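Predicted model, so just to flag it, every value in this text is computed and none were measured. Ligands are counted one by one from 1 in listed order, and the atoms in each one are counted from 1 as well.
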Amino acid sequence: MAELVEFDSKVLAGAPNVRLSRRALITGIAAGTVFPFISSCTTNPATGSSQLILFGEDQVASMAATAWTDMKSQTPVVSNTRLKNQVLNVWERTTAGAAKAGHIDPNANWDVAVFDTDDVNAFVMPGNRVGIYRGITELTENDDQLSSVLGHETGHVVGRHAAERLSVSTAAQVGLMAGQIAVAQSEELRKYGTTIGALGGAAMQFGVILPYSRRHELEADKLGVDYMHNAGYDTRQSVRLWELMAAQSEGQRPVEFMSTHPDPLRRAEELKRYINAKGYALM
Ligand SMILES: [Zn+2]
């Protein structure tokens, strides 16, 4: 496992050794980087994956808050009460499935927005924000498929994919390579402070525009199916959903979800295998 440089955060609670001197820490805080560096991988307890997390959860959440406020002020939300209630019900039931797995706090508050556009898309933003578009709800044929979308998004939350994605893209931007950084110097820390400040404008991208990695997708798919199963939904419908997406994307209407969620048919196949292996259903 490569040594990665990370900011501390709640993500790392209970984890790694802080190897930074107190003086460097204080300098870092003064430079606006706020979080002490920790040099070690973070292992996500839900997924077992090792992650590069450059941003503290609170920090990411505050960037997301701005992006979320912007989105809600710029995009109409549905006035159809029935659709809103359907989404909320499926969301609650699906996340209860995630809570049953011990992956999320059953008492957490979520901000769920149903946007009134044709986009076939859904996303999560850090800070318990979930956005789903009318377009994708119209593509789904039943609550099980809707649960599959929402379970998948919950999987991204549990996998902390947004923070990792943002961190990896930031790491790429600043030429940050695993194991290559001397962090205990104030000059370095200041550089990061500047980079992070400049990212404000990019906040809009994470969670919505940047594609997830293949590994993130697979993790989210599997977690989503686990939550569906826990919630009593028909997990086979997750496979059907991806087939529908694939079919739709070959038609006239572009499927937004697929620009950030590639390979629908391959994923349908992998989901099938997973569902069979878990014994959730026979497909
Ligand atoms: Zn995804």
Side-chain angles (χ1 to χ4, degrees), residues 44 46-49 51-53 60 64 67-68 71 87 90-91 94-95 97-98 101 103-104 110-115 119-133 135-137 139-140 144-169 203-229 231 233 235 237-249 254-275:
N44 186 307
T47 63
S49 289
Q51 301 184 299
L52 167 67
I53 302 288
V60 170
W68 180 246
M71 286 208 68
V87 168
V90 174
W91 173 257
T94 306
T95 50
H103 288 178
I104 63 168
W110 297 85
D111 195 353
V112 182
V114 188
F115 294 111
D119 295 290
V120 180
N121 206 358
F123 64 88
V124 282
M125 277 188 184
N128 289 359
R129 300 176 176 86
V130 187
I132 183 163
Y133 293 85
I136 204 169
T137 67
L139 179 82
T140 58
D144 306 84
Q145 290 174 13
L146 188 54
S147 172
S148 177
V149 171
L150 297 174
H152 175 92
E153 293 303 323
T154 308
H156 280 314
V157 175
V158 170
R160 297 173 191 136
H161 296 160
E164 185 180 2
R165 186 167 48 158
L166 187 65
S167 297
V168 168
S169 103
M204 189 59 199
Q205 292 196 341
F206 74 83
V208 186
I209 294 167
L210 290 175
Y212 284 103
S213 73
R214 172 109 199 93
R215 180 171 64 78
H216 285 173
E217 287 311 309
L218 206 57
E219 266 182 17
D221 281 348
K222 289 178 177 177
L223 290 170
V225 163
D226 290 342
Y227 306 155
M228 282 179 81
H229 175 75
Y233 286 112
T235 54
Q237 291 297 323
S238 66
V239 175
R240 169 80 182 143
L241 174 77
W242 285 108
E243 288 167 354
L244 283 173
M245 293 246 192
Q248 174 106 359
S249 70
V255 176
E256 200 74 44
F257 202 58
M258 291 189 25
S259 62
T260 50
H261 295 77
D263 297 334
L265 287 178
R266 194 169 140 199
R267 292 173 61 186
E269 279 308 307
E270 291 192 36
L271 270 174
K272 243 187 235 179
R273 269 199 296 277
Y274 184 72
I275 289 164

Is H152 close enough to the Zn ion (ligand 1) to have an N, O or S atom under 2.8 Å?
yes
For a distance under 2.8 Å, tell me if E153 has an N/O/S atom near the Zn ion (ligand 1).
no
Can you tell me how far the OG1 atom of T154 sits from the CE atom of M228, to the nearest 0.5 Å?
11.5 Å
Going by an N to O cut-off under 4.0 Å, is there a salt bridge joining E270 and R267?
no
In terms of relative ring orientation, are F115 and F123 parallel, tilted or perpendicular, with 30° and 60° separating the classes?
parallel
Please enumerate all residues that pass side chain to side chain donor-acceptor pair (under 3.5 Å) together with S147, with sequence neighbours excluded.
T94
Which angle, to 10 degrees, forms at the Zn ion (ligand 1) with NE2 of H156 on one side and OE1 of E217 on the other?
120°
